[in-house]
Amino acid sequence: MTLKVGIPRALLYYYYLPLWRTFFEALGLEVVISRPTTKTILEAGLQNSGDDVCLPVRLAFGHVLDLKDRVDVLFLPRLVSIARREYICPKFLGFPDMVRHGISGLPPLIDPNFNLYRKDSPYPFFVALGRNFTGNRLAIYLAYRRAMHAQARYVQLLEKGLFPEQALAVLYRGVAEGQEPGGGGPAVAVIGHPYNIYDPYISMNLLSRLARSGVRVRSADNLPETLVREQAARLPKHLFWSLGQRMIGAAWHYLQSPDVDGIIHVASFACGPDSLTGELISREVRRRGKPFLNLTLDEHSAEAGVVTRLEAFLDMMERRQFLPAGESV
Amino acid sequence: MKVTFPHMGHMWICLAAMLEYLGVEVVVPPPTSKRTLTLGARHAPEFACLPLKLNLGNFMEASELGADTILMAGGCGPCRFGYYAQVEYAILEDLGYKYRLVVMEPPQRHVGELLSKIKYITGHSSWWEVVRGIRFGYQKARMVDELERRAHYLRPREIHRGSTDKAFKRALREIIAVKHPRDLPQAGERVRRIMAGVAIRPRPVLRVGIVGEIFTLLEPFANYDLERRLGYLGVQADRSIYLSEWINDHLFLGLVRGLRSRKEACRAAPPYLNHFVGGHGQETVGSTVMYARQGYDGVIQLLPFTCMPEIVAHSVLPGLSTGLGIPTLTITVDEQSGEAGLMTRLEAFIDLLARKKGVV
Ligand code: SF4
Ligand code: SF4
């Protein structure tokens, strides 16, 4: 019987699924991904985590619970650092421990440290990871190569303008890449943590809502890493949060870009890093004067309120003659 | 050049001593107050942690007194402190304040970088003088810490309510008044005499360790004077980090031997928290374990609302508390938290500890 490895559809799932999934499958394991977020999943997460914890982490608890009884092991890498001299967030550093002490009756956790703070190659991580399943170094190496390849392909798709679920469908379900929806609608950049903007339940279908009203949507992940970093390098000091780098770099790029008409910034209630990066972004926005909407999400956010604010934002863009009249959100 | 810096408890005493010894003109911000908080909270991002808001308020108030240069510590993440200076500066700039910013990034390799920054501020002091200045400031920090430990011991045992605090204030003034390293020993003598004058009677006391985010631990304004309140409730408090230990760990890379160091606390954190999480999150967990082993009656964790490292620590505390049988209480502070609610929780917690120990 093949061993089932569980991967929660949460946190950096949206960045790294191809890397993990391809690696495990190449080693002959079965990958089980938690189901898309629902009210039940979120509520289970809320019940099993402290109420001072931010929504994305509480939601991740829910996804762990969704997998708990369906898998043989749970893959919760400790994402210490995904780029040189950078971290993600203290909560990513502590996540495996939070889960271990917060949820009982878990299958074994596989939580090796993923740490590129001082090195460039993730290979040692994969060796350590692979050893949990096989003693065959060559098999691990080959699986690692396939995983890196899949990840590179995934990033390419994102840079072409796809969003994670679309790109994953291309990679794993053979869906055709499809044409970028053209049209002369206005373009809006949605800037926020991947686990907020790409989770339709959490973002209240923000991306598809925008698309349905004829808006062309962009995100930080549609931009090449180098470009984002070049922009972020304008900061007075190297920013040590990788997600913050991405958000600031992208926001600053889109602010200058003439074919982006407005910016929506999405943050979690009481998010630590965002309280500072969001501040730096909104200060820059005020200087440049592009239409800007700041959405803060928490477990109590009401869809109606978000829709109203979104409509007001699009109306404002329309008044600036960007949006064809008569569209509704 | 008139140099100011943010408040963090009694830190100003050693910073001012060091800088003034080196001939730098210092503007100590007015003591952190409600006004400081209001000013800071008005202009800081809503979800910024409390220390940032208070720093900002300190700078605004110091500017009213003529300060033109900010001296700040830096950091390289993952918690927010490492980016405080830059964000605070951006906010001040947009508000029209004309400040110059000098950030002391934690020495990556050796103390040399720290020294050169200080040399920059002080203009032309010689290396030797700079080293002496730092030592002077550090010695004052040690004295203040000693004094605080003494006060922790005396408060729950004093015969006349408030006599410890009165003595403490007088003793602190003695330390502040010293202008030259050579006068420190006599001042130390006077401090000991003053504190020896507090009349006490032996009685059973509870021992409670205080852990958590460093700023909230060290700044009485931020923690509602927790240590004093505990003393009055018959508790001998201990704090997991004192000022000199923080300076030693963060600015001297642990060069001073024989002090409690963060490494020790971090080693005690597994299996509850197996990795550093920034700030003092792992120390919080490790210190709680150590307090449990030393037979303390309870532990109080202090954190500002939204503080990431401490939220992680808080998540694993319940398991630790049950596992090692040490009651814990977590107190979150922000500009909205009220004093009344805090006192109720504190009294209930202490009550529980007293009953458990049988010293009601
Ligand atoms: S970055 Fe913000 S939202 Fe993400 S885990 Fe950290 S605090 Fe939570
Ligand atoms: S330790 Fe907590 S309160 Fe202090 S700067 Fe970091 S996040 Fe803010």
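Note on naming: letters A, B, ... go to the chains in the order of the sequence lines (proteins, then strands), and numbering restarts at 1 for each one.
Classified by interplanar angle (parallel below 30°, tilted 30° to 60°, perpendicular above 60°), the ring pair A:Trp241/B:Tyr83 is tilted.
Separating the CG atom in A:Asp274 from the OG1 atom in B:Thr306 is a distance of 11.5 Å, to the nearest 0.5 Å. Here the CG-NE2 distance, from A:Asn115 to B:His275, works out to 6.0 Å after rounding to the nearest 0.5 Å.
In this structure, A:Lys91 contributes its side chain and B:Ile311 its backbone to no donor-acceptor pair below 3.5 Å. In this structure a side-chain-to-backbone donor-acceptor pair under 3.5 Å is missing from A:Tyr87 to B:Val277. A:His101 contributes a side-chain N or O that, together with a main-chain N or O of B:Pro271, makes up a donor-acceptor pair within less than 3.5 Å.
With a 4.5 angstrom heavy-atom cutoff, A:Val57 does not touch chain B via any of its atoms. With a threshold of 4.5 angstrom between heavy atoms, B:Pro318 does not approach chain A through any atom at all. For chain B, the nearby parts of A:Leu239 are the backbone and the side chain; heavy atoms of each come within less than 4.5 Å. Neither the backbone nor the side chain of A:Phe95 comes within less than 4.5 Å of any heavy atom of chain B. Interface residue B:Ile91: backbone and side-chain heavy atoms are both found under 4.5 Å from chain A. Only the side chain of A:Thr296 comes within less than 4.5 Å of a heavy atom of chain B; its backbone N, CA, C and O stay farther away. For A:Asn113, the part lying near chain B is the side chain, with the backbone staying farther off; criterion is any non-hydrogen pair under 4.5 Å. If you measure heavy-atom distances from B:Tyr89 to chain A, you find no contacts under 4.5 Å at all. In this structure, no portion of A:Arg286 lies under 4.5 Å from any heavy atom of chain B.
Of all the listed residues (A:Gly272, A:Gly94, A:Pro96), the one sharing the greatest number of non-hydrogen pairs under 4.5 Å with chain B is A:Gly272. Among B:Gly319, B:Gly77, B:Pro78, the residue making the largest number of heavy-atom pairs under 4.5 Å with chain A is B:Pro78. Counting heavy-atom pairs closer than 4.5 Å to chain A, the top-ranked of the candidates B:Ala90, B:Gly82, B:Ala48 is B:Gly82. Note on A:Pro236, A:Cys271, A:Gly50: by heavy-atom pairs under 4.5 Å with chain B, the leading option is A:Pro236.
The heavy-atom pair separating B:Pro309 from A:Pro90 by the smallest distance is N-CB, 4.0 Å.
Two residues are said to be in side-chain contact when any heavy atoms from C-beta on lie closer than 4.5 Å; A:Leu93 and B:Gln282 fail this criterion. Looking at A:Cys54 and B:Met308, their side chains never come closer than 4.5 Å, going by heavy atoms from C-beta outward. A heavy-atom distance below 4.5 Å is not found between the side chains of A:Leu276 and B:Gln86. In this structure, the side chains of A:Arg78 and B:Asn274 come closer than 4.5 Å at one or more pairs of heavy atoms. The closest side-chain heavy-atom distance from A:Phe61 to B:Ser315 is not below 4.5 Å.
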